[in-house]
Each structure stands twice: as C-alpha cells, then as structure tokens.
Amino acid sequence: MTTGRILPPPSGEPCLLTPGPLTTAHSVKEAMLRDWGSWDGDFRAMTARLRRELLQIAEDDGSLDCVPMQGSGTFCVEAMLGSLIPHDGRTLVLSNGAYGQRMAAILARMGRAHVVLDKGDYLPPRGAQVAQILARDTTITDVAVVHCETSSGILNPLREISDAARAAGRRLWIDSMSAFGALPLTPAEITFEGFVSSANKCIEGVPGFGFVIARKEALARARGNAHSLSLDLHDQWDYMNRTGQWRFTPPTHVVAAFLRALKLHREEGGVKARAARYAHNRDVLVAGMRALGFETLLSEAWLSPIIVTFFAPAHPAFDFQRFYDLMKQQGFIIYPGKLTRANSFRIGCIGQVDAHVMRQVTRAAAEALAAMGVPSGAPSPEALQERKRLSDCERSEEQISTH
Ligand SMILES: *Cc1c(COP(=O)(O)O)cnc(C)c1O
C-alpha cells in the first residue's frame, strides 16, 4: 500500500468525505490542463486505452466489452436498463435504499414492467429470498441490484444474489457505481449481464461520464431497443467500435483525468490495495467515532468500506447543519443522511484520503461536538432499538410491489 503518497488538498480546499465527487490526486486535476480534439487520433487512443484498462480491472474473460457514456452515473444506469433489457422483459428490482428506488423509477418512467422487493434501509436482499421470488414468479426475466447501496453504505451480498439469478436462468444487472475499482466484480466470481460505474467514485477521477461493462452478446442483441437516442448504449458501442469515437461530444478533459486516475489505481496495487486502504479508513473512522459515542446505522456484517452512516446524536443541542459547518471550518465536507426513517449523516471513506486523514476527521468531530455543547455522539435508545428490531427479523412477508 502506498498511503504515504497521499497528500492533503492544498490549504483552503476542503477534503471531500463524500461518495463522489471526491478528493482527487493533484496529478489527476493537473491532467486536465490541456485540450484534445475529440476526433483526433490521440484522443481516440485515449478512449481505447480507457476501455481496455477498465476491462482489465473487471478481469474480462473475453466475453465483455466496455462502453463509456457521457453524463453522471444515473445516465449510465438508464442507458444500461433502457438499452439492454428487452421491451418484453420484466425486472425484479432489489431495493434497499435510494439507488435501488432510482432503478425502479427509471423503469417506471420508461414504462417497462418491473417488480420491487423493498428491504427498507437496513437490510440486504438475500439470495434465498431472491431464489424464492424467482421460483414463484416465472414472468420475471431480469434482476437488478445495487452493489454497495451508497444511501446507507450497505454492502449487498452480490455473490448469493448472482447465484440465485443464474440458477433460475435470469439475467442480472448491477449498479456497481460506488464499488467497482475497490470491490471485486469479475465474471469468474459473479454471473452478470452488465454493470455500471462512473468516473468519480472508486477509480478517483472527476465527474463527467460513466461506463457500462456488459456481455458483448447483450450489447449486440440490443440494436433498436433503447428508449432514447442519446442514451442508446448499442449505438454508442457500435459507433465507438467502428470509429474509435464517442457519438457526441466527449468529456475530453475528464477522460484525460480518468486515465491518470487509472494509472494511480494500478500503481497503488489495483482493486485489492484500494479495498485495503478504504477498509482501513473505515475501521479508523468507526473506531474514532464510537469513542465519541457515535453509532453506525448498520451492524458490522454489512458495513462497506465505501461510506458509513452514523445515527445523529440524541442530545438536544445537536444540530446537523451546525455540525456540518463546524466540520467544514476544519476542512472536512461530510454528507447528510439519505434515509427514509432514521436521522443520520454519512462520512465517506473513498478518494485520496488515508488513515491519517480519518484520525483528523474524528478529532474534528470531537471539536464540533464540544463547540455545540454536546457531551456524547450517542444516538437515542429508540434509534438503536429500531436497528435491532429490523436486523433481527428476517421478515417472512416481504414488501413486494408490482408495476
Ligand atoms: C453515485 C451513485 C449513482 C449515480 O449517481 P449520479 O449522481 O448520477 O452520479 C448511482 N448509484 C449509486 C449506488 C451511486 O453511489
């Protein structure tokens, strides 16, 4: 691990403890200080390299291809679902947070048949349940799941879900936005049709495009299937393969920055090393916050090395906006909660940050609590009880809704 190489952002620039955009290396920002012609051979070579290197990270067995797409990550999720799931498909969306809900909203907006298994905020969809649903409902053709649900930080059990889908002969689509590059996702381990990630998450680039890594067969059979011209993944793939170019204006500087980020990813030691750094960040963060009385939303088993949700302290003097401002004054941008029920906030473990930074973060949190007159970060007993109740019960009657 080369954590010693991580430099703090220049003074005045806050450290982003958010799940993208995140704190990037200076050399990544520096890579954007020139211009490229989108049709020029130099840039076409950059696009080819980007696709090749991403396929290497995915440990492509020859069955996959990589299609970058302009826009934020959601554009890519929409491009994948809309282009690659056939019109007569019916998709089971496994939802346990905002990004699962977003996939369902995308399918709803496109008028595509789908079913939602809603696990709330605390629980992962388990393989056995997925198998049960697929056995019961033979009209389901596809399954969609979020790898790391960034709204809580929960790490979903991809392997058992993929096993269930494969055993039942259904296609699997994965939103691996906040996981790819730091958590393994390879065809040798996980059977999937396609997955999505973006430039500004675990590869540590700047925002501006996402990419779909999908089976070539799925891309090939998708001609004319997309609901949208600009988000037609088949067209983008086909055109890129024929011309080496993006169909419409590419985010040239973002691609240049991304190639630099890929180089840093490789030099750090690839997925394994990045996973280890992020996990260490999380461990230092969680230990430091617990020492202040804070508690995590999720039980240990489901905590991801990507982002951690903490319950808001119960003390009446705690005010999130004030806490946020006090953290910012000390150089750290944290993230509000994104839960439907519990009052919470999030701290990301990804980006150019290391254990040293995480220790500073917990010191800053201690300062912020002291400034607010909050003696402890402890959540309310009710919040903890709710967590216990929900994680204890593997409810037999799941909330399944059909659309
Ligand atoms: C970041 C993220 C997205 C995409 O969000 P955008 O704001 O569109 O970039 C989708 N899914 C997950 C799990 C994410 O973390």
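Both ligands and their constituent atoms are indexed starting at 1 by order of listing.
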Item to check | Note: Asp142-Arg171 ion pair, threshold 4.0 Å (strictly below) | outcome: yes

Establish, from distance only, whether the side-chain atoms of [X] and [Y] form a donor-acceptor pair under 3.5 Å.
| X | Y | value |
| --- | --- | --- |
| Ser151 | Arg346 | no |
| Gln321 | Asp325 | yes |
| Trp246 | Thr47 | yes |

Checklist entry - Does Arg51 reach the main-chain N or O of Cys66 with its side chain, forming a donor-acceptor pair under 3.5 Å? => result yes

Checklist entry - Between Arg277 and Val353, is there a donor-acceptor pair closer than 3.5 Å when you use the side chain of the first and the backbone of the second? => result yes

Which of the numbered atoms in ligand 1 are under 4.0 angstrom from any heavy atom belonging to [X]?
| X | answer |
| --- | --- |
| Val146 | 13 (C) |
| Cys148 | 13 (C) |
| Ser178 | 15 (O) |

Top protein contact for [atom], by heavy-atom distance:
| atom | answer |
| --- | --- |
| atom 11 (N) of ligand 1 | Asp175 OD2, 2.6 Å |
| atom 14 (C) of ligand 1 | Lys201 NZ, 3.1 Å |
| atom 9 (O) of ligand 1 | Gly73 N, 3.0 Å |

With a heavy-atom distance limit of 4.0 Å, tell me whether [X] approaches ligand 1 through its side chain, its backbone, both, or neither.
| X | answer |
| --- | --- |
| Arg102 | side chain |
| Thr74 | both |
| Ser198 | neither |

Checklist entry - Nearest 0.5 Å, what's the CD1-CZ distance between Ile190 and Arg166? => result 9.0 Å

Checklist entry - Which word best sums up how the rings of His253 and Trp36 line up, parallel for under 30°, tilted for 30 to 60°, or perpendicular for over 60°? => result perpendicular

Next on the checklist: Measuring from non-hydrogen atoms of His147 to any atom of ligand 1, is the shortest distance under 4.0 Å?
Outcome noted: no

Next on the checklist: Could you work out, for atom 13 (C) of ligand 1, the closest of Ile306, Val77, Thr150 by heavy-atom distance?
Outcome noted: Thr150

